[in-house]
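Notes to accompany the following structure.
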Amino acid sequence: MARVVKVFRTLRNHWKKSTFAVCVMSYGGHWLYGKHCDSLLRREACLEAREFGRQQIAPQEQLRKATVILNPAACSGKANNLFEKNAAPILHLAGVEITIVKTDYEGQAKKLIELMEQTDMLIVAGGDGTLQEVVTGLLRRPDQETFSETPIGFIPLGSRNSLSPSLHLLSDNKVKHITSATLSILKGDTIPLDVLQIKGETEQPVFALMGLRWGAFRDAAATISKYWYLGPLKTRAAHWFSTLREWPLVREASVSYLAPSLRPPDLPPQKPPRPNLLYRIVRRLKNYWHPPVEEPPKPVEPEKWEEQQMSTLELLIQTHNKNPVERRINDSLTICAEPDNLTVGEFITVGNKKEEDPTLFTKTSTKLEAGACRLQLPEGGGGFYNIDNEEYEAMPVEVRLLPRKLRFFISTERREQLLEQI
């Protein structure tokens with residue numbers, strides 16, 4: 001008992017050191033417990049992946065080949081370590097023959113995809129920038145019609161992963177997020193996604209999966225990192241300082257758009273059965289003695305563009321990939337324009353919400369559904385675009401929708417969640 005009293009007396013006499021020691025031990029215990037939970041998640045995912053690897057294949061079959069485009073610079077240089085610890089073991093245990101291609105500089109993924117050979121699946125390990133480069137390089141290929149049929153998997157390793165909520169289960173734990181995304185690739189459930197083709201007057205087209213953003217909110221969001229020292233107030237500070245430099249932050253633009261086209265039914269492609277030999281011989285003889293008369297081609301109707309002048313704080317041209325399982329009547333893109341009469345307080349409040357979800361718009365915003373659009377900007381007042389969170393110089397562009405152009409792996413559980421939201 002005397003020893004216990006002595007310990008408590010020592011702790012009371014050195015209460016500052018005792019408090020510091022308790023804080024350090026608590027933080028260390030919490031950190032170790034988090035590492036233990038991450039190890040359990042990795043173990044559980046590896047056990048599930050091992051079941052895929054134990055499946056038997058026929059003697060004439062080959063292992064599935066996957067090409068991984070990995071951006072080691074994503075997530076502040078942590079992407080390579082995240083991939084090696086959380087995703088690579090799952091792919092190896094599943095019996096997938098993987099080829100890892102690491103990018104060394106910005107824009108290299110476009111060139112690598114343009115030169116890549118055919119593969120069974122393409123896996124993008126990185127963030128929004130890596131994914132946008134891969135999609136752009138893929139759709140610039142001469143054989144993009146056939147190569148675009150390759151299913152694509154997305155492993156979210158970047159600081160921004162805008163497409164991930166549309167494909168994977170949401171989780172605050174990064175290890176669980178990565179492992180579940182990798183397992184969804186092995187399960188093989190895919191879904192078609194729309195693509196935006198954004199073409200300037202001279203440069204090659206750029207392709208996007210989410211959308212194009214232009215305006216005052218985008219410009220203010222680009223300066224948030226400068227105010228890192230303000231902590232949780234940095235987003236509000238960035239929008240407030242932008243109003244001090246200039247107000248109102250109204251953008252003038254001319255938008256021309258086409259009406260959306262009717263969406264064909266979502267039916268799986270079915271190859272018709274081949275006719276029997278006798279029918280094929282008779283058909284060839286008939287075509288030989290009585291060749292079919294070719295009908296003259298129908299005249300191409302001119303496109304009917306409608307033009308509208310817009311005065312807005314922000315313009316967003318986006319796809320419907322936020323919820324790709326939603327059934328729609330038309331194949332269309334959405335043009336959203338914020339009103340130009342927001343007050344400074346409303347601008348700061350809305351900008352703070354947009355930092356969490358850039359696709360969020362106010363109730364009074366203007367929304368149009370279109371099949372394609374042309375954006376004309378005033379001279380000298382273009383600024384910059386955000387195309388899938390990548391910065392590009394603003395210029396007059398034509399944006400066309402490529403409906404259901406690419407197929408991405410999706411988690412079955414996430415598909416069910418999105419269906420419940422409809």
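No donor-acceptor distance shorter than 3.5 angstrom exists from the side chain of Thr119 to the backbone of Leu122, with no hydrogens or angles considered. Listed for the Arg415 side chain is a donor-acceptor partner under 3.5 Å among the backbone atoms of Thr190. Within the 3.5 Å criterion, the main-chain N or O of Pro165 finds a donor-acceptor partner in the side chain of Arg414. A donor-acceptor contact shorter than 3.5 Å is absent between the side chain of Asn71 and the backbone of Ala125. The closest donor-acceptor contact from the side chain of Ser166 to the backbone of Lys322 lies under 3.5 Å. Panel note: side chain Asp388, backbone Leu209; a donor-acceptor pair is recorded below 3.5 Å. A side-chain donor-acceptor contact under 3.5 Å links Asn287 to the backbone of Arg283. Thr179 places no side-chain N or O within 3.5 Å of a backbone atom of Arg42 that could act as its donor or acceptor partner. Side chain of Arg280 to main chain of Pro275: a donor-acceptor pair is present (N/O by atom type, distance under 3.5 Å, no hydrogens or angles). Looking at Asn81, its side chain never comes within 3.5 Å of a backbone N or O of Lys78 through a donor-acceptor pair.
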Quick one: do Asp219 and Ser242 satisfy side-chain contact (heavy atoms from CB on, under 4.5 Å)? Show the steps, please.
-> CA-CA 8 Å; Asp219 296 341; Ser242 65; over 6 Å; no
Taking it one step at a time, do Leu212 and Leu196 satisfy side-chain contact (heavy atoms from CB on, under 4.5 Å)?
-> CA-CA 9 Å; Leu212 178 148; Leu196 293 181; 5.6 Å; no
Begin from the C-alpha positions of Leu375 and Val255 and carry the test side-chain contact (heavy atoms from CB on, under 4.5 Å) through to its verdict.
-> CA-CA 5 Å; Leu375 183 59; Val255 179; 3.8 Å; yes
Stepwise, does the side-chain contact (heavy atoms from CB on, under 4.5 Å) test hold for Leu368 with Tyr257?
-> CA-CA 9 Å; Leu368 300 171; Tyr257 58 93; 3.8 Å; yes
Could you walk me through whether Phe409 and Phe154 pass the ring-ring contact (aromatic ring centres under 6.0 Å, His included) check?
-> CA-CA 8 Å; Phe409 291 103; Phe154 179 48; over 10 Å; no
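To the nearest 0.5 Å, atom OG1 of residue Thr364 and atom CG of residue Leu342 are 6.5 Å apart. Between Leu183 atom CG and Cys46 atom SG the span is 8.5 Å, to the nearest 0.5 Å. Taken to the nearest 0.5 Å, the CG atom of Asp340 stands 11.5 Å off from the CE atom of Met310. Rounding to the nearest 0.5 angstrom, the gap separating the CG atom in Leu402 from the CG atom in Leu193 is 12.5 Å. The structure places CG of Asp172 at 10.0 Å from NE2 of His177, a figure rounded to the nearest 0.5 Å. The structure places CD of Gln55 at 13.5 Å from CZ of Arg50, a figure rounded to the nearest 0.5 Å.
You'll find the side chain of Arg404 reaches within 4.5 Å of the side chain of Arg263, heavy atoms only. Put simply, the side chain of Leu138 reaches to within 4.5 Å of the side chain of Leu406, judged on heavy atoms. Between Met116 and Arg141, the closest side-chain pair of non-hydrogen atoms falls below 4.5 Å. No side-chain heavy atom of Thr67 sits less than 4.5 Å from a side-chain heavy atom of Lys65. A heavy-atom distance below 4.5 Å is found between the side chains of Lys174 and Cys75. Counting heavy atoms from C-beta outward, Glu338 and Val350 have side chains that approach closer than 4.5 Å. A 4.5 Å side-chain heavy-atom check between His320 and Thr334 finds at least one atom pair inside the cut-off. The closest side-chain heavy-atom distance from Gln132 to Thr136 is below 4.5 Å.
Using a 4.0 Å cut-off between charged nitrogen and carboxylate oxygen, Arg213 and Glu314 count as a salt-bridge pair. Taking the charged nitrogens against the carboxylate oxygens, Arg218 and Glu391 do have a contact shorter than 4.0 Å, which makes a salt bridge.
Across all their heavy atoms, Ser162 and Asn389 have their closest contact at OG-ND2, 2.8 Å. For the pair Ile317 and Cys373, the tightest heavy-atom approach, listed with the atom from each and the gap, is CD1-SG, 3.5 Å. Of all non-hydrogen atoms in Pro358 and Leu316, the two that sit nearest each other are O-CD2, 4.1 Å. The nearest pair of heavy atoms linking Gly200 to Val397 is CA-CG1, 4.3 Å. Residues Asp194 and Pro403 come closest through the heavy atom pair OD1-CA, 3.3 Å. When every heavy atom of Ile178 is checked against every heavy atom of Pro156, the shortest pair comes out as CG1-O, 3.7 Å.
Around CD of Glu346, the count of heavy atoms belonging to other residues, nucleotides or ligands within 6.0 Å exceeds 12. Within a 6.0 Å radius of OH in Tyr27, no more than 12 heavy atoms belonging to other residues, nucleotides or ligands are found. The number of heavy-atom neighbours closer than 6.0 Å to CZ of Arg284, taken from other residues, nucleotides and ligands shown, is 12 or below. Within 6.0 Å of the CG atom in Leu47, the count of heavy atoms belonging to other residues, nucleotides or ligands exceeds 12. Open room surrounds CD on Glu356; 12 or fewer heavy atoms of other groups in view lie less than 6.0 Å from it. With a 6.0 Å radius and a threshold of 12 heavy atoms from other residues, nucleotides or ligands, Tyr229 has its OH atom above the threshold. Within a 6.0 Å sphere centred on NZ of Lys176, heavy atoms belonging to other residues, nucleotides or ligands number 12 at most. The local environment of CD in Gln62 is sparse, with at most 12 non-hydrogen atoms from other residues, nucleotides or ligands closer than 6.0 Å.
Phe217 and Phe347 have parallel rings, their planes meeting at less than 30° on a 0 to 90° scale where 60° marks the start of perpendicular. Trp214 and Tyr385 have perpendicular rings, their planes meeting at more than 60° on a 0 to 90° scale where under 30° would count as parallel.
In this structure, Lys354 forms a cation-pi arrangement with Phe361, its terminal cationic atom sitting closer than 6.0 Å to the ring centre and no more than 45° off the ring axis.
Remark: of the listed residues Glu398, Glu307, Glu306, Glu398 is the sole one forming a salt bridge (charged side-chain N to carboxylate O under 4.0 Å, His left out) with Arg374.
A search for salt bridge (Lys or Arg N to Asp or Glu O under 4.0 Å) contacts involving Glu48 returns Lys187, not counting sequence neighbours.
Residues Ser332 and Asn330 bring no donor and acceptor atom of their side chains to less than 3.5 Å of each other.
Every pair tested for salt bridge (charged side-chain N to carboxylate O under 4.0 Å, His left out) that includes a residue from residues 107-134 fails, sequence neighbours excluded, so the list is empty.
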